[in-house]
Protein chains: 2
Amino acid sequence: MQRDGSDDTRRGRPTAVTRADVARHVGTSTAVVSYVINNGPRPVAAETREKVLRAIAELGYRPNRLAQALRGQRSHVIGLVLPDISNPFYAELARVIEAVADARGYSLILCNTRQDSAREIAYIRALVDRRVDGVLLISGSTSHELQALAREMEVPAVLLDRSVNYSGDISLVATDNLTGGRIATEHLIGLGHRRVVALTGPARLGNSRARGYETAMREADLAPELHHSAEFDFESTYALAMTLLSEAPPTAIFAGNDIAALSVLRAAADLRIAMPGELAVVGYDNIKEAAFSIPRLTTMDHPIDTLGAVAVEVLLERMDAAADASAPMRLVTPRLVVRESCGAAR
Amino acid sequence: MQRDGSDDTRRGRPTAVTRADVARHVGTSTAVVSYVINNGPRPVAAETREKVLRAIAELGYRPNRLAQALRGQRSHVIGLVLPDISNPFYAELARVIEAVADARGYSLILCNTRQDSAREIAYIRALVDRRVDGVLLISGSTSHELQALAREMEVPAVLLDRSVNYSGDISLVATDNLTGGRIATEHLIGLGHRRVVALTGPARLGNSRARGYETAMREADLAPELHHSAEFDFESTYALAMTLLSEAPPTAIFAGNDIAALSVLRAAADLRIAMPGELAVVGYDNIKEAAFSIPRLTTMDHPIDTLGAVAVEVLLERMDAAADASAPMRLVTPRLVVRESCGAAR
DNA sequence: TTGAAAGCGCTACCAG
DNA sequence: CTGGTAGCGCTTTCAA
């Protein structure tokens, strides 16, 4: 009888063929099968290798990744922790990260924190318990909370897209939001606007974009005026835009992200404020929708592909490096995309 | 010395505390520790239990989920396979699925197939090799290709949002797209439109929405007119909308999804076609953006929350059921959301 | 070049 | 009620 010691009547799953079956089939040891599969760590006679490969194909053997992970040092899984997968910017980022990870043979565990820093910690614990090889973290937390996170982080990690002032041993990959905020604001100022207000996200978040805005305003001897929405979603930003535009409409708005900018477009339409005639807006992120809105949005573009790819690369690097290696940090510069929402550039 | 037999100098990860450490600390066996953690399968004296719990807290012990999964029957991971996470509809679905799964103690492995059915199969293999407990599949494949998929599928699975005519043992949870397509079209016809064309996705996809459209048209003695875009994204649908609207503009368009509908809005604006005056559009999916576009989109709403939650529930049910249990199937009915893109309802 | 065997951390059975 | 222990499928060392 071929069916060996499966006295255990596991019903449900079809009884999987294991490495031992292959070994028996060939008449060799399980070790050799391992060597063949992993190309090492020891050489195998060409002939034996052939036989093993044939048996693998014949029996349809596929290694149990769980067992490999338990025994070996690598699970080939990385965790992706982000604030809100339904935000197109994060979704886009997730898309490229998943693609790069897949190309490198890694699976991705998706953790959607819903902007809750307690959940961030819980997720990171769970990921560590699952022995992920690394964590990609797009945090919604303050710098302070990040310290607590770093403490839970017992695996290599890369902090993505949040240029907080953090000096732990978590690597950082981000676009330079400070410069981005400044570029956007300078564009508006350069167009002749004097009263340009910033419509940004929850105050609790450290916000480099807003600081870039403030810098630009001060340098032009203009008074910064920051408005915070409760959340960074359509509902909140639309509500804020409505009150702002109906009470004391500025001539220009710097929106902290494109969702907010799109909300401003909507609010302006509701209030019969002509755009870009009476109101100029620049957004941030250059999500897909920004190129198809009415009017099309002028916005700051992150090279999302680069950002995601670099993040994965840096993470893989760190996973291979010694634990005490220094945490690299990469900033990539955003780029202004001029479309219609500010009127024609002069 | 507290630090026991870690002669193995694993650098990198901090040496994890295991169940054996806890047992030794308490002066009991590892089995008892297991019984405490899992509340079974055998009872433990209240006093012993206390001691164990204290030791666990003291040592900061946390079970290795990998080992649990290898040994036990459950990995508490489910795979989510979908065509495009950067499509807001899928992203939204992913959001609720992740939330429900998390609440039930399951992690989610994200697999983004980029509309490639070969990749679908590869992903499913990888998921099986990782011993996921189940798979949630939002397929971009034809019914035919699904047969091949089903063959790879050695774990419980639920097919989501694709009401293909498939009678395997994969459960199905979907909105009734046939009815949805009909409702949308009837709305347009009811508004007095005679030439209403459908702008839908790639022809390769079986498309119940389009069939619903055709049904409604025929019932009203109108000639159906289907246009397929190369892909179901902004670029493709916008290109199609531009040619359609500049060559032989109909008075009404049924768009196969909201991305396409948004593209139509954009194309109409570019062509100076007044909306909803000269052109009515109804979309499908009711993505967030649909409520904030200009004009706001009339569209078919799936109850995404329900859909996602039901899908997870059904999957969990199937995971607990015997392997030969029948595959349940649930259809939920979509709902027309009337906004501005068709003009005022009469 | 290969076989045998230890052991990753855990669960659950056999015996007390 | 609990200790001892086999074994999940795999990798890698020790010894031939």
Side-chain angles (χ1 to χ4, degrees), chain A residues 4-10 12-24 26-52 56 59 61-76 128-131 133, chain B residues 4-10 12-52 56 59 61-76 128-131:
Chain A
D4 58 299
S6 23
D7 35 17
D8 171 36
T9 320
R10 277 207 287 151
R13 305 259 172 113
T15 317
V17 19
T18 81
R19 183 191 83 291
D21 298 321
V22 177
R24 200 171 319 109
V26 180
T28 179
S29 79
T30 62
V32 178
V33 180
S34 259
Y35 302 150
V36 171
I37 290 174
N38 306 331
N39 283 319
R42 290 194 317 200
V44 172
E47 192 190 1
T48 317
R49 147 177 259 98
E50 269 317 306
K51 281 198 287 195
V52 169
I56 288 178
L59 301 179
Y61 166 70
R62 278 150 50 194
N64 180 330
R65 311 278 263 132
L66 233 41
Q68 287 183 313
L70 177 60
R71 180 56 233 256
Q73 307 289 23
R74 285 204 158 356
S75 61
H76 284 271
V128 170
D129 292 348
R130 284 198 191 287
R131 298 297 186 270
D133 293 335
Chain B
D4 58 297
S6 22
D7 36 16
D8 170 36
T9 320
R10 275 208 288 151
R13 304 260 173 111
T15 317
V17 20
T18 81
R19 182 189 85 291
D21 299 321
V22 177
R24 200 169 321 111
H25 192 90
V26 181
T28 179
S29 79
T30 61
V32 177
V33 180
S34 260
Y35 301 150
V36 171
I37 290 173
N38 306 329
N39 283 318
R42 290 194 317 200
V44 174
E47 193 190 358
T48 317
R49 145 177 260 97
E50 269 317 306
K51 280 197 287 195
V52 169
I56 288 178
L59 301 179
Y61 166 70
R62 278 150 50 195
N64 181 331
R65 311 278 262 133
L66 232 40
Q68 286 184 313
L70 177 60
R71 178 58 231 253
Q73 308 289 23
R74 286 203 159 355
S75 61
H76 284 271
V128 170
D129 291 348
R130 285 198 190 287
R131 296 299 186 271

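All chains are named by letter (A, B, ...) in the order of the sequence lines, taking the proteins before the strands, and each is independently numbered beginning at 1.
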- [ ] Could you pull out the closest heavy-atom pair between B:Tyr35 and B:Arg42, with the gap in Å?
- [x] OH-NH2, 2.8 Å
TODO: Report the distance from atom NE2 of B:His76 to atom P of C:dT11, rounded to the nearest whole Å.
DONE: 10 Å
- [ ] Locate the shortest heavy-atom distance separating A:Asp133 from A:His76; write the atom from each residue and the value.
- [x] OD2-N, 2.6 Å
Task: Closest-nucleotide 5' rank along DNA chain D - winner of B:Thr48 and B:Leu70 - done: B:Thr48
Task: Euclidean distance, atom CG of residue A:Leu66 to atom C1' of D:dG7 [Å, nearest integer] - done: 15 Å
TODO: Side chain of B:Val44 only, please: which of C:dT2, D:dT2, D:dG9 is the nearest?
DONE: D:dT2
Task: Candidate nucleotides C:dG3, D:dG4, C:dT2, ranked by approach to the side chain of B:Ser29 - the nearest - done: D:dG4
- [ ] List the atom of A:Tyr61, the atom of A:Val17, and the distance in Å for their closest heavy-atom pair.
- [x] CD1-O, 3.3 Å
- [ ] Over all heavy atoms of both residues, which pair between B:Ser75 and B:Ala69 is shortest? Give the atoms and the distance, please.
- [x] CA-CB, 3.6 Å
- [ ] Using whole Å, report how far CG of B:Asn39 lies from P of C:dC10.
- [x] 17 Å
Task: Step-by-step side chain to side chain contact (heavy atoms under 4.5 Å, CB included) determination, A:Thr48 to A:Val32 - done: CA-CA 9 Å; A:Thr48 317; A:Val32 178; 4.0 Å; yes
Task: Net bend of the helix from C:dT1-D:dA16 to C:dG16-D:dC1, end axes of five pairs each, nearest 10 degrees - done: 50°
TODO: Using a 4.0 Å heavy-atom cut-off, write out nucleotides 10-16 of chain D from 5' to 3' as B (base contacted by protein), S (sugar-phosphate only) or - (no contact).
DONE: BBBBBB-
Open item on the list: What is the separation between atom CZ on A:Arg130 and atom P on C:dG9, rounded to the nearest whole Å?
Closed with: 17 Å
- [ ] Applying side chain to side chain donor-acceptor pair (under 3.5 Å) between B:Asp129 and each of A:Arg65, A:Gln68, A:Arg62, report the one that passes.
- [x] A:Arg62
Task: Residue pair A:Val26, A:Glu50: steps toward the side chain to side chain contact (heavy atoms under 4.5 Å, CB included) verdict - done: CA-CA 10 Å; A:Val26 180; A:Glu50 269 317 306; over 6 Å; no
TODO: Could you go through the side chain to side chain contact (heavy atoms under 4.5 Å, CB included) check for B:Thr18 and B:Thr30 one step at a time?
DONE: CA-CA 10 Å; B:Thr18 81; B:Thr30 61; over 6 Å; no
